[in-house]
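Written below as structure tokens is the structure these notes are about.
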2 protein chains.
Amino acid sequence: MKDVAQHAGVSTATVSRVLNGHAAPTPETRERVLAAIEELGYRPNALARSLRTTSTQTLGLVISDLLNPFFAEIARAVEDEARSHGYCVVIGNADESAEQEATYVRTLLDRRVDGLLLCPATDDPSLVREVSAGGVPLVLLDRTVRGATCPVVRADGSEALTALARRLVGAGHSRIGVIAGPPNTSTGRERTDVLTAVLGGVAQIVHGDFRQESGSQAAARLIDDGATALVVMDNLMGLGALGEIRARGLQIPHDIALAVFDDQPWFPLLDPPITVIAQPTVEMGRAAARSLLALINGQQPDDVRLTAKLVLRGSCGEAEL
Amino acid sequence: MKDVAQHAGVSTATVSRVLNGHAAPTPETRERVLAAIEELGYRPNALARSLRTTSTQTLGLVISDLLNPFFAEIARAVEDEARSHGYCVVIGNADESAEQEATYVRTLLDRRVDGLLLCPATDDPSLVREVSAGGVPLVLLDRTVRGATCPVVRADGSEALTALARRLVGAGHSRIGVIAGPPNTSTGRERTDVLTAVLGGVAQIVHGDFRQESGSQAAARLIDDGATALVVMDNLMGLGALGEIRARGLQIPHDIALAVFDDQPWFPLLDPPITVIAQPTVEMGRAAARSLLALINGQQPDDVRLTAKLVLRGSCGEAEL
DNA sequence: AGGCCGTAGTTAATCGATTACACATGGATG
DNA sequence: CATCCATGTGTAATCGATTAACTACGGCCT
């Protein structure tokens with residue numbers, strides 16, 4: 001910057017003013033400065049700028065698993081929304097581990113992100129408290145924590161799950177296996193709560209860990225226990241369950257019905273196409289980014305609750321109803 | 001930091017030394033400083049540190065599309081490898097657009113990443129030159145550019161493609177449709193070059209843009225033109241092609257054979273399971289991160305060329321051979 | 001006792017920007 | 001013609017760390 005100033009025969013203050021579009025500099029000065037910038041190929045140092053202004057124009061996003069397309073879509077949406085407001089997004093991959101999540105959150109805070117979006121790995125509120133105590137704007141995404149004091153953006157699958165459960169019972173299923181998320185995640189608990197409320201003893205619940213492998217294992221157990229329908233609360237575990245069903249040579253929906261939370265582009269391609277509860281991932285991501293930006297701008301955004309939709313495709317024997 | 005120093009009754013220099021594990025401070029001083037840090041909940045400002053040390057301990061990764069699981073896996077691997085060396089990764093999503101790619105690259109450079117990993121959207125070398133001119137360590141990933149002067153990490157699918165092509169010809173296919181990537185990407189061109197070399201006039205090539213939609217359209221055209229086999233050069237376009245095949249009610253492999261570049265966890269679940277050319281994504285990501293770190297440490301890493309493997313599953317009529 | 005040295009710690013410059021304040025210039029005003 | 005104000009620019013402090021150069025303090029040797 002000093003070089004640019006010298007080249008243009010002005011002070012660094014003037015260069016800075018030109019860069020930041022202040023009213024002061026004369027059109028001619030501005031021209032000269034811009035020419036010098038161009039000629040020297042100068043690019044301002046964002047670190048120095050941020051240090052001085054205490055604003056990085058960056059949002060932190062800590063998600064549970066980048067390989068889960070559900071989160072990848074969210075990340076993408078967050079990024080789009082942020083970019084359209086001149087913000088950049090730094091993504092941290094917690095890998096469904098509370099420790100790694102904490103590490104990432106701290107790293108991002110150390111780098112002074114202007115705000116943080118978090119998909120908490122567990123419903124333990126301590127990390128959230130820590131961030132709030134630091135005064136950094138925080139929005140929770142997809143999952144919440146106990147006694148959360150910050151805005152939360154998530155999808156509500158109660159209606160869809162209820163409709164699905166009724167349908168399965170109506171089709172005569174009397175042993176419905178539920179492959180749920182970990183009991184210490186809000187999504188893991190809430191979704192199963194809805195189901196048990198509707199299904200009562202008909203439901204048999206096994207908790208997985210939102211990973212493919214746990215889906216296969218849970219499916220194996222449930223099938224061994226005589227389940228005639230499987231409801232899987234996450235697409236990765238759904239993938240595992242599907243693998244197990246195929247490995248056993250079972251026919252969907254004849255031998256076993258299947259429904260999965262989260263839609264994926266390849267679900268319609270299976271035979272039969274898979275019935276899903278689709279979450280509005282893009283809208284969730286965008287809404288979360290908007291809420292966070294609002295918070296950064298001193299507003300107090302409300303919680304956002306979007307609805308997940310039941311998409312019937314055939315894997316629950318819809319055709320036969 | 002000043003507060004911590006005061007609290008511990010030392011100077012900021014001493015605090016800094018404690019933080020950075022310098023030899024100087026006495027165990028007692030160290031204790032006192034650590035206590036003060038603990039008590040005040042002090043966390044060092046990474047921006048200030050980076051400004052002073054001109055090192056951010058951060059790698060930039062600009063990829064073509066986060067929603068493409070191929071790149072998501074790579075991103076994940078890069079991140080793992082980087083983290084194990086104490087580096088953080090900032091991901092930028094170019095969305096297969098050269099402009100957005102350039103924007104991201106510049107943003108990352110402005111933030112002074114220590115090095116950059118790039119999956120170039122086109123084979124135009126100008127952006128690469130710009131980065132190199134800035135003296136920032138750069139490694140290309142998956143794709144290269146014309147006259148690249150930096151290390152490149154990619155997968156070689158020639159053998160696998162050749163074997164696949166021979167097999168298809170051997171099975172009697174005389175019109176083989178190839179859905180390729182854009183001709184101005186190295187992967188788009190090289191893969192088709194291999195195929196045309198082996199197949200000659202038997203191959204009919206349509207270029208897509210690495211997105212699902214273009215896969216459907218290309219498949220439609222090729223099928224209309226009488227193709228009895230499709231080779232798709234990317235998993236997203238493969239998804240599109242599959243959709244088109246299903247929409248037309250064609251049976252795989254009876255009516256049409258199909259093979260796709262990039263393996264995906266759900267390919268084995270289709271009926272029949274899809275034959276693929278699997279790229280070693282994790283190894284690619286790790287290797288790229290390692291090369292970049294080597295470059296940052298002043299070494300001159302070689303190009304890395306990993307081999308993609310043909311995985312026969314049935315969608316090319318393997319059972320019938 | 002005096003000189004020397006190693007060690008622990010302090011002072012102050014520095015990284016590259018932003019910005020409050022001071023200053024100079026020139027035109028309008030009484 | 002002196003005064004005042006508006007306007008454009010420069011000076012220098014500042015953000016929060018790191019680190020070279022310096023100082024103070026003991027202990028050791030002769």
Side-chain angles (χ1 to χ4, degrees), chain A residues 1-37 40-58 86 88 106-114 134-136, chain B residues 1-37 40-58 86 88 106-114 134-136:
Chain A
M1 181 155 161
K2 233 183 290 177
D3 293 347
V4 172
Q6 216 155 27
H7 220 78
V10 297
S11 74
T12 61
T14 302
V15 175
S16 172
R17 286 197 265 260
V18 169
L19 249 58
N20 295 293
H22 276 245
T26 292
E28 315 154 39
T29 329
R30 167 178 252 89
E31 268 318 306
R32 247 180 325 136
V33 171
L34 289 177
I37 287 176
L40 299 177
Y42 164 79
R43 304 235 79 208
N45 184 322
L47 295 175
R49 187 210 297 275
S50 294
L51 176 59
R52 185 60 237 254
T53 59
T54 62
S55 142
T56 50
Q57 298 291 83
T58 302
C88 191
R106 298 206 184 95
T107 308
L108 292 174
L109 293 185
D110 287 352
R111 290 172 194 231
R112 297 306 190 262
V113 291
D114 292 343
V136 177
Chain B
M1 180 157 162
K2 233 184 288 179
D3 294 346
V4 172
Q6 214 155 29
H7 219 79
V10 297
S11 74
T12 62
T14 304
V15 175
S16 173
R17 291 204 183 99
V18 170
L19 249 58
N20 296 291
H22 274 245
T26 294
E28 314 155 39
T29 329
R30 165 176 253 92
E31 268 319 305
R32 249 179 325 136
V33 171
L34 289 177
I37 287 176
L40 298 178
Y42 163 81
R43 303 235 78 207
N45 184 322
L47 294 177
R49 189 210 295 273
S50 294
L51 177 59
R52 185 60 238 249
T53 61
T54 61
S55 140
T56 50
Q57 298 290 79
T58 302
C88 193
R106 297 207 184 95
T107 307
L108 292 174
L109 293 185
D110 287 353
R111 291 172 192 231
R112 299 303 191 263
V113 291
D114 292 344
V136 177

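The sequence lines fix the lettering, A, B, ..., with proteins before strands; numbering per chain opens at 1.
Here the nucleotide nearest the side chain of B:Thr12, chosen from D:dT18, D:dG10, C:dT18, is D:dT18. Nearest to the side-chain atoms of B:Ser11 among the listed nucleotides C:dT19, C:dT10, C:dA12 stands C:dT10. Distance from the side chain of B:Thr26 is smallest for C:dG9 among the nucleotides D:dT9, C:dG9, D:dT18. Side chain of A:Arg52, nearest nucleotide from C:dT10, C:dT18, C:dT14: C:dT18. Comparing atom distances between the B:Val10 side chain and each of C:dT19, D:dA17, C:dT10 picks out C:dT10 as nearest. Comparing atom distances between the B:Ala13 side chain and each of D:dG8, C:dT11, C:dA17 picks out C:dT11 as nearest. In the set D:dT18, D:dG8, D:dA17, D:dA17 carries the atom at the smallest distance from any side-chain atom of B:Pro44. With C:dT14, D:dG16, D:dT11 as the candidates, the nucleotide lying closest to the side chain of B:Ala48 is D:dG16.
Atom CG in B:Asp110 sits roughly 13 Å away from atom C1' in C:dA17 (whole-Å rounding). Rounded to whole Å, the distance from CZ on B:Arg112 to P on C:dG16 is 8 Å. Computed from coordinates, the A:Arg32 CZ to D:dT9 P distance equals 8 Å when rounded to whole Å. When the P atom of C:dT14 is taken as reference, atom CE of B:Met1 falls 18 Å away, rounded to whole Å. Rounded to whole Å, atom P of D:dT14 lies 21 Å from atom CG of A:Asn45. Rounded to whole Å, atom C1' of D:dA17 lies 15 Å from atom CZ of A:Arg111. Regarding B:Leu51, its CG atom lies at a distance of 12 Å from the C1' atom of D:dT14, rounded to whole Å. In this structure, NZ of A:Lys2 is placed 14 Å from P of D:dA12, rounded to the nearest angstrom.
Phosphate proximity of D:dG10 to A:Thr14: present, with a side-chain N or O under 4.0 Å from OP1 or OP2. Contact check, A:Asn20 against C:dT18: a side-chain N or O comes under 4.0 Å of OP1 or OP2. Contact check, B:Thr29 against C:dG9: a side-chain N or O comes under 4.0 Å of OP1 or OP2.
The base of D:dT18 is not paired with the side chain of B:Arg49 by any donor and acceptor separated by under 3.5 Å. Taking only distance into account, the side chain of A:Arg17 meets the base of D:dG10 through a donor-acceptor pair shorter than 3.5 Å.
In this structure, the side chains of B:Val18 and B:Leu34 come closer than 4.5 Å at one or more pairs of heavy atoms.
At a threshold of 4.0 angstrom between heavy atoms, the contacts of A:Thr53 are confined to the sugar-phosphate backbone, with no base atom among them. Using a 4.0 Å heavy-atom distance criterion, B:Ser16 is classed as a base contact.
The two atoms that bring B:Ser16 and B:Met1 nearest to each other are CB-CE, 3.6 Å, heavy atoms only. Between B:Arg106 and A:Arg43, the shortest heavy-atom distance links the atoms CB-NH1, 3.2 Å. Minimum interatomic distance between B:Arg32 and B:Ala8 (heavy atoms only, all atoms of both residues): NH1-O, 2.6 Å.
Applying the side-chain hydrogen bond (donor to acceptor under 3.5 Å, both in side chains) test to pairs two or more places apart or on separate chains, those with a residue in residues 44-55 of chain B are B:Asn20-B:Arg49.
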Check: For A:Thr58 and B:Arg111, what are the C-alpha separation, side-chain angles and deciding distance, and is it a side-chain hydrogen bond (donor to acceptor under 3.5 Å, both in side chains)?
Finding: CA-CA 11 Å; A:Thr58 302; B:Arg111 291 172 192 231; 2.3 Å; yes
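In terms of position on DNA chain D, the residue among B:Leu19 and A:Thr54 whose nearest nucleotide sits closer to the 5' end is A:Thr54.
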